[in-house]
A.B. asks: 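To start, I am sharing the structure in question, which I have written as C-alpha cells.
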Amino acid sequence: MNKVLMKGNEACAEAAIRSGCKSYFGYPITPQNEITAYMSKALPKIDGGVFVQAESEIGAIHMVYGCAGSGVRCMTSSSSPGISLKAEGISYLAGADLPCVIVNIQRGGPGLGTIQPSQADYFQATKAIGHGDLKIPTLAPNSVQEMVDMTVKAFEIAEKYRTPVMILADGLLGQMMEPVSFGNIKNNAEVYPYGANGHGGKRKKNITNSLYLDALVLEKCVNERFERYTKIVEAETDAEFDKDADIVVAAYGSTSRVVKSAVEMARAEGINAGVFRPKTLWPFPEKQLKEATKNAKAVLVSEMSMGQMIDDVKMALEFKLPVEFYGRQGGFVPNPVEIFKKIKELGGKY
Amino acid sequence: MINFKNIIVVTGHYGSGKTNISANLALKLAERGTVSIVDLDVVNAYFRTADFKELFADKQIKLIASKYANSSLDVPALSFDITGAVRSSDYTIIDVGGDDEGARALGRYRDFLPTQTYDMLYVVNKSRLNTQKPEEALELLRAIEAVSGLKCTGIVNNTHLCAETTAELIQASLPYAEEIAEKAGVPLLFTCGLDFPVEILVKKIWE
C-alpha cells in the first residue's frame, strides 16, 4: 500500500469518511481548521454527504445530536474553547445514548489562550466533559497514522457502546505531516436500528431523549449506562509501554514522542528509563501502568499542561511510588533535552 | 546552481516543502550575495520560515515576516513591505502560503513584480495528498497563477515522505515531475535529493 503525506487533521477527516461517516457539523477554529475544510470539500462530492458549517459550536453539537438521533454516523471537531461550548450538547448526547465522534485538537488555555499546542483539556475530557454522571471514551493518538487508526476505532467504540467518543489530540498532531496508509477500512454507513427516523407504522417507536419524569426510571437508565462503562473499561483500555524500567516516564499524544527521544538519550547514558503511553485516557490504563512500574523506582509524568494526567497516574499507583512532573504551557512543546535532564535528576535521586 | 533572477517566489501545495526549499535556497544564495527571505505565509500558523530566525541571523540572511508570525494572532495580516527588501538585497526569496488561498497574498505585489523580473517556482511532491497525479498538481498551479496574477517559471520536484523517503521514491517521481513541467510549459528546475541536495531544516521537535 502506497503511503501518502498528510497533516494529522486531514488524515482524521479522510479516515472518518472512509469508515462511512457522511455527516459532519462544525465551526472553524485554529488549529483544527483542516478537518472542517477537508470535510467541506469532500462530503458534498459523496452520495448522501452532508457538511454544515454551523453558526457556532453550540449549533454544531446539537446538529450532531439530531443526526445521531436519526441513526446516522456523524462527527464534529473543534479545539479547546470550542469544545467548552459543545459541553452541554455532549452531556445530552451521553444522556440519550447517542454515538458520535468528537475531535479536540487542543490549544493552550484557559480562555482564548493560544493557537499553539497544549494538553490542558485532559481534566475536561476525562473528568468533566459535561454535567451529570457520564464518561466518554477518550482516545489519544501520537502520530498521523494513529489519527487515522483511532478515528476508525472511535466510530467502532461509539456504535458498539452507544456513546460519544472523543479523540483528544493537540495542535502539533493536527498540523504536522507524516506518511500514512489507510489499509482496509471497513465502510460502515448503515443506519442504526435505534434511529428516530420514522417508523412508518412498521416498528416500535424509537425515542431520543435525556429527560426522565420518574426518578426510578432515570436511576435504572444511569445504572445500565454504567454497566456499559464497565464493559468499556474491560475491553477497550489500551496502552503501550517498556517493561522493567527503573524510571518510567508517562506521557500521551505529542509529548510521548518527545519522551521517547528523551528516554533514548537517558538509556545511552546507562539510565534504565522507559516510556509509558496511554492510548486511552478514559479508561485510564491502570493495570498496564502497574505492570510497567513493577520494578520502577520512580515515575515522571510529562504533559503540555501544569499536570493533569499526573492525578490518574498517582491514583493508579495507589500513591506507592514517587511521582514527579515536568511540563510546559503557553503553547510550548517540551524538547527532549529538557525531559532528559529531569530523567537524569530522578535517576540520581531514587 | 541555476542562475536565479533577483526575486524568487516559492509556491506550492500545503506541505509540498516550500519552506524547507526556501530556507535551503536562502542558505545557498547567501554564498553568492546578500539575501532577504520573506515569510508570506498568511495561512499556516505552524511550521513556517519565521521558525529559522536564529539560523538566518547567523548567516546574515535578512528575515522579513509579519510581526504576528508565530504569535497567537491568527489573522491573515501582512505588516511589512517587501519592496525595501528587493532594493537592498541581491536575492529576495518569497515563501508563499499553501495553495491558491496562500498565493492570494501575492496579488498585492503583482504590479511590483512585472514579468521577467522574477522566478516563480512551483514545488510538487508526488507523495502529498491531492497532488499525487500530474493533473491535480497542474490544476492547483493554474489556481495559484490565477489568484496571484504571476506566472510560474519552473517546477521543483520535492517528492518525499519525511523520514521514510527513499532513493527509489525520488527516482520513481521523475516522470511525474517531467509531465507537470511539460504540460505547464516550463522547465523542471531540479529534483531535491537528486540534483539538488537539501538539508532537512523543517523538523519535528523530537527529531
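What you see is a predicted model; the values in this text were computed from it and never measured. Residue numbers start from 1 in every chain, and the chains themselves are labelled A, B, ... in the order their sequence lines are given, proteins ahead of strands.
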A.B. asks: My understanding is that only one of A/V258, A/N335, A/T255 makes a side-chain contact (heavy atoms from CB on, under 4.5 Å) with B/W206; could you say which?
C.D. replies: A/V258
A.B. asks: Less than 4.5 Å to any heavy atom of chain B: does that hold for the side chain of A/K7, its backbone, both, or neither?
C.D. replies: both
A.B. asks: State, with a plain yes or no, whether a side-chain heavy atom of A/Y38 is found less than 4.5 Å away from one of B/L129.
C.D. replies: yes
A.B. asks: Measure A/P117 against the heavy atoms of chain B and call it side chain, backbone, both or neither at under 4.5 Å.
C.D. replies: both
A.B. asks: Heavy-atom pairs under 4.5 Å with chain A are the metric here; pick the option from B/L169, B/V202, B/L161, B/N130 that has the most.
C.D. replies: B/L161
A.B. asks: What are the two closest heavy atoms between B/C162 and A/L5, and how far apart are they?
C.D. replies: SG-CD1, 3.6 Å
A.B. asks: Under a 4.5 Å cut-off applied to non-hydrogen side-chain atoms, are B/K204 and A/E178 in contact?
C.D. replies: yes
A.B. asks: Does any heavy atom of chain B fall under 4.5 Å from the side chain of A/E10, the backbone, both, or neither of them?
C.D. replies: side chain
A.B. asks: Quick one: do B/E207 and A/R257 make a salt bridge, cutoff under 4.0 Å?
C.D. replies: no
A.B. asks: Under 4.5 Å from any heavy atom of chain B, what part of A/L112 do you find: side chain, backbone, both or neither?
C.D. replies: neither
A.B. asks: Apply side-chain contact (heavy atoms from CB on, under 4.5 Å) to residues A/V4 and B/R128 and explain how you reach the verdict.
C.D. replies: CA-CA 6 Å; A/V4 52; B/R128 175 71 177 120; over 6 Å; no
A.B. asks: Looking only at heavy atoms and a cut-off of under 4.5 Å, which of A/G171, A/G113, A/P31 has the most pairs with chain B?
C.D. replies: A/G171
